[in-house]
Visitor: 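If you scroll down you'll find the structure; I have some questions about it.
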Protein chains: 4
Amino acid sequence: MRKESSQPAEAVNPAGDSPKFRRRADARPDEVLDAALALFTQNGFAKTTVEQVAASAGLSKGAVYLYFPSKKALLEGLVRRAIVPTADQALSVIAGYRGDPRPVIRKFMTKAASAATGPSVFAVPKLVMREAVNAPEIAQMYRAQVLEKVIPALTALIAQGVEGGHIRQVNPELTVRSVIGPLMLHVMLAEVFAIQPDNGLELESLIDNHLGILFAGLEPEAEVKK
Amino acid sequence: MRKESSQPAEAVNPAGDSPKFRRRADARPDEVLDAALALFTQNGFAKTTVEQVAASAGLSKGAVYLYFPSKKALLEGLVRRAIVPTADQALSVIAGYRGDPRPVIRKFMTKAASAATGPSVFAVPKLVMREAVNAPEIAQMYRAQVLEKVIPALTALIAQGVEGGHIRQVNPELTVRSVIGPLMLHVMLAEVFAIQPDNGLELESLIDNHLGILFAGLEPEAEVKK
Amino acid sequence: MRKESSQPAEAVNPAGDSPKFRRRADARPDEVLDAALALFTQNGFAKTTVEQVAASAGLSKGAVYLYFPSKKALLEGLVRRAIVPTADQALSVIAGYRGDPRPVIRKFMTKAASAATGPSVFAVPKLVMREAVNAPEIAQMYRAQVLEKVIPALTALIAQGVEGGHIRQVNPELTVRSVIGPLMLHVMLAEVFAIQPDNGLELESLIDNHLGILFAGLEPEAEVKK
Amino acid sequence: MRKESSQPAEAVNPAGDSPKFRRRADARPDEVLDAALALFTQNGFAKTTVEQVAASAGLSKGAVYLYFPSKKALLEGLVRRAIVPTADQALSVIAGYRGDPRPVIRKFMTKAASAATGPSVFAVPKLVMREAVNAPEIAQMYRAQVLEKVIPALTALIAQGVEGGHIRQVNPELTVRSVIGPLMLHVMLAEVFAIQPDNGLELESLIDNHLGILFAGLEPEAEVKK
DNA sequence: GATGAATGAGCCTTCATTCAT
DNA sequence: TATGAATGAAGGCTCATTCAT
């Protein structure tokens with residue numbers, strides 16, 4: 001339920017941990033990032049002090065700088081850590097699929113939603129959106145590493161669906177917004193404004209309702225009055 | 001030497017309430033807000049200094065405090081100023097409508113999109129989203145004054161559409177996300193990450209494509225394979 | 001005995017100064033520099049904090065930054081303020097003189113020595129020497145603005161003396177070291193190591209003794225056993 | 001993997017006092033000092049970190065503290081190491097000489113200059129001058145161990161030369177400045193400001209030119225117009 | 001002896017806010 | 001009203017020094 005550390009943190013220190021003052025070796029950077037993620041998410045980047053991060057990770061302020069050269073590097077590290085699994089997961093589902101895109105889209109959405117149970121999965125994207133203005137390099141990194149992989153893949157998925165006649169003639173690029181947008185808004189409303197549907201933030205229901213409409217709307221023969 | 005406000009500030013205050021030559025009268029606060037909006041949007045709240053706002057509005061730093069008691073009050077003022085027209089516009093379209101909700105939804109979306117040509121319409125909501133964490137009172141205000149008016153209204157619109165048999169049996173609350181989400185994502189991608197479809201940020205195309213799918217998906221008889 | 005401010009500080013505020021809280025207008029930067037000079041001289045640049053400078057100038061720490069953008073800018077300002085009078089004074093004595101250089105050298109040395117009564121005249125050059133390593137831009141500035149004016153001028157003075165047969169055939173460039181070096185060493189020993197001749201730091205005696213030897217050594221007919 | 005010291009560290013400790021294979025034995029402190037000298041000279045004391053010194057000496061940061069109790073102790077050690085040979089060399093030349101001081105002065109200057117080919121000889125004095133303010137104890141040490149031996153010795157040398165009628169009636173204490181000052185200035189200009197005569201930093205030429213003038217100026221019969 | 005992770009004090013710099021004029 | 005000099009609190013970052021291993 002916690003980080004998927006890029007370092008094999010546990011393997012390094014397999015023996016029973018001694019109480020207070022142990023060199024947690026390579027686990028430390030990840031612990032710092034965990035603390036940073038929690039605080040950045042809760043209070044925003046600007047309002048979080050390095051000292052808070054350090055304290056929350058059980059270190060002194062100076063120690064943070066042993067692992068990250070600057071406060072901004074924490075943000076960058078956070079994004080970098082989240083990037084690989086995210087993008088890979090997404091792409092592994094979509095990769096080179098041919099046929100009706102709807103089952104794949106459902107799988108994709110379900111995966112995203114189930115991952116979203118823990119707070120950490122959407123935390124980074126949200127952080128990136130919020131801080132993009134103040135840290136354009138990081139926004140750029142996220143764009144290059146995540147968005148420009150996931151969006152084109154989805155676009156291609158839809159495009160081939162159109163070409164294969166599995167779904168209606170739609171603009172694939174724009175349709176990607178129709179696929180993801182509702183989920184994003186749902187999460188945003190909930191986490192930014194604490195606005196939830198009456199019976200809670202049930203991602204499953206949201207996805208069911210959303211895909212019900214979306215998939216019907218993509219039916220080839222569907223024709224509508226305006 | 002004074003900056004000409006980009007908003008027709010005079011129009012806001014059309015009544016002849018200035019004695020003889022009061023300098024742009026009560027337009028001043030509005031000019032300050034204009035400056036603040038531009039800077040907050042561009043650089044974020046935290047990275048914008050009061051002095052920058054003052055300079056950009058053609059005032060001295062101290063003068064800003066004649067109109068606004070604190071920096072945060074600028075944000076609040078910005079939101080407050082944007083709230084009334086936004087909510088009213090939205091509600092005036094939706095208010096107590098009975099029948100197929102789709103034409104109304106189209107009108108609503110078109111209105112939003114056409115207003116969005118200028119940067120200032122989505123600027124405030126985006127600002128609020130970004131700064132909600134740091135200024136919960138303001139998020140709360142926005143929620144109370146805008147979201148909790150617009151969302152329930154849309155929900156009701158959809159609900160009565162379902163009840164009247166004009167659209168399929170969907171969850172109205174969740175369907176609101178399906179209506180608005182794609183537009184929001186479209187704008188966010190464009191403005192935060194500079195990701196646009198190949199032929200530019202055409203809101204019209206987006207809305208056409210989006211509503212094409214959405215409305216088809218809402219057709220009462222539409223039934224889909226999964 | 002104090003600063004030769006480049007700003008007409010007194011002229012700005014001619015009326016009788018009111019007690020505590022007066023805007024000292026353009027005098028402030030100079031006051032800050034005075035404080036900085038004293039502290040940098042006494043404790044070195046690195047060991048002096050901006051807060052000390054501020055306190056010594058009767059300001060808050062933040063106020064220093066109203067006048068100087070950084071701590072290093074204080075050093076730069078110090079040097080810049082000292083540069084113009086120094087170089088000009090020196091050059092005005094030497095400028096385009098023709099004939100026996102010795103009287104001019106005496107005048108030059110006397111001027112330097114008499115100026116050296118106050119602490120501030122040699123303070124800046126000493127500061128520059130000490131901090132040259134840490135602030136190469138400043139060393140460069142001093143070099144360009146002072147040294148590369150004064151040294152070539154003295155070199156030319158000596159060169160024409162040699163050509164005119166007023167002094168012996170010496171290497172003018174190297175002879176400049178023979179002219180200035182003893183004075184510099186004298187001051188350095190006194191101020192860095194508190195080493196003074198038995199009867200105090202009498203610059204006059206030093207110059208008399210030094211020029212006595214130097215001028216004799218420059219006599220055209222002088223010929224020596226080794 | 002260990003750095004080869006640029007100084008013949010072994011030569012310092014020629015006696016066979018190492019058991020079998022003690023790693024470079026007591027050379028370690030010397031290597032640390034070598035590294036410190038290089039870095040202090042290049043970047044100044046304050047801007048050099050202990051870690052840099054350690055790295056440059058091929059040790060860990062902690063190991064430096066096995067040999068020197070503090071950073072300042074490095075400076076002290078540097079000075080202490082340089083003191084004995086310097087002072088002794090100087091004094092051995094001058095000690096109790098009777099007669100015309102000029103040949104001795106030439107020998108003294110030549111020795112200093114030839115030693116100055118390597119950077120290390122003047123490095124310590126220059127370091128001391130620069131850091132004297134921040135480390136008064138060290139300045140005091142240098143003064144007591146070097147300056148107060150060398151200067152009085154030179155003074156005595158000149159004094160007996162005057163008494164013996166070998167040179168003109170000059171103030172011996174002040175004349176010491178005339179002897180050493182030019183060399184010091186020459187080196188300072190070159191190393192602090194990179195100002196050299198047209199044909200390079202030829203100490204030989206400088207000394208020839210300088211002593212030519214000086215010795216002529218000290219001639220007993222020399223009498224000059226002012 | 002040797003390592004290097006960790007500490008903690010300290011300094012430069014920024015900026016919202018105040019207030020004498 | 002309006003100014004802008006001045007304040008003071010706070011935060012990012014560095015680095016000499018310590019200490020468990």
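In what follows, chains are A, B, ... by sequence order, proteins preceding strands, each numbered from 1.
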Visitor: When the distance from NZ of B:K47 to C1' of E:dC15 is rounded to whole Å, what number comes out?
Guide: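 So the two atoms are 14 Å apart, to the nearest Å.
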Visitor: Measure from CD on A:Q52 to P on F:dA10 and round the result to the nearest Å.
Guide: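 Rounded to the whole Å, the gap is 12 Å.
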Visitor: Please give, in whole Å, the distance from F:dG11 P to A:N43 CG?
Guide: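 One finds 12 Å between P of F:dG11 and CG of A:N43, rounded.
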Visitor: Within this structure, what is the CZ-to-P distance between C:F68 and E:dT14, rounded to whole angstrom?
Guide: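 Whole-Å distance recorded here is 15 Å.
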Visitor: When the nearest nucleotide of DNA chain E is assigned to B:F45 and to A:L66 on a heavy-atom basis, which residue is associated with the more 5' position?
Guide: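 Nearer the 5' end of the strand: A:L66.
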Visitor: Should E:dA9 form a Watson-Crick or G-U wobble pair with both distances under 3.5 Å, which nucleotide is its partner?
Guide: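 The answer is F:dT14, by the H-bond criterion.
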Visitor: Is A:E137 salt-bridged to A:K72, cutoff N-O under 4.0 Å?
Guide: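 Yes, charged N to carboxylate O under 4.0 Å.
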Visitor: Between C:E76 and C:R80, is there a side-chain N and carboxylate O pair less than 4.0 Å apart?
Guide: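 A salt bridge links C:E76 with C:R80.
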Visitor: With nearest nucleotide decided by heavy atoms, which residue, D:Y65 or A:A46, maps closer to the 5′ end of DNA chain F?
Guide: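 Looking at the nearest nucleotide for each, A:A46 comes out on the 5' side.
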Visitor: Let me spell it out: for each of C:T49 and B:T48, pick the nucleotide of DNA chain E with the closest heavy atom. Which residue's pick is nearer the 5' end?
Guide: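 It is C:T49, whose closest nucleotide lies nearer the 5' terminus.
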Visitor: Taking pairing as Watson-Crick or G-U wobble with both contacts under 3.5 Å, can you name the mate of F:dT7, or confirm there isn't one?
Guide: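 Checking every strand shown, F:dT7 finds its partner in E:dA16, with both distances under 3.5 Å.
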Visitor: Expressed in angstrom and rounded to an integer, what is the separation of A:E51 atom CD from E:dA9 atom P?
Guide: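 These atoms are roughly 10 Å apart.
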Visitor: Between D:S70 and D:Y65, which heavy-atom pair has the shortest distance, and what is it?
Guide: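 Shortest heavy-atom separation between D:S70 and D:Y65 comes out as CA-CE2, 4.0 Å.
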Visitor: Please report the distance, rounded to the nearest Å, between NZ in A:K61 and C1' in E:dA9.
Guide: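 Computing the A:K61:NZ to E:dA9:C1' distance gives 9 Å.
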Visitor: Would one find a side-chain N or O of B:Y67 under 4.0 angstrom from OP1 or OP2 of F:dA2?
Guide: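 Yes, because at least one side-chain N or O of B:Y67 sits under 4.0 Å from OP1 or OP2 of F:dA2.
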Visitor: Would you kindly give the CD-to-C1' distance between A:E31 and E:dA5, to the nearest whole Å?
Guide: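 After rounding, the reported distance stands at 13 Å.
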Visitor: When rounded to the nearest 0.5 angstrom, what is the spacing between CD in B:Q52 and CD in B:Q42?
Guide: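 Spacing of CD (B:Q52) from CD (B:Q42) equals 9.5 Å.
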Visitor: Are OP1 or OP2 of F:dT1 and a side-chain N or O of B:R28 less than 4.0 angstrom apart?
Guide: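 No, B:R28 has no side-chain N/O under 4.0 Å of OP1/OP2 on F:dT1.
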Visitor: Nearest whole Å is fine: how far is F:dG4 P from C:L59 CG?
Guide: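 Distance, rounded to whole Å: 18 Å.
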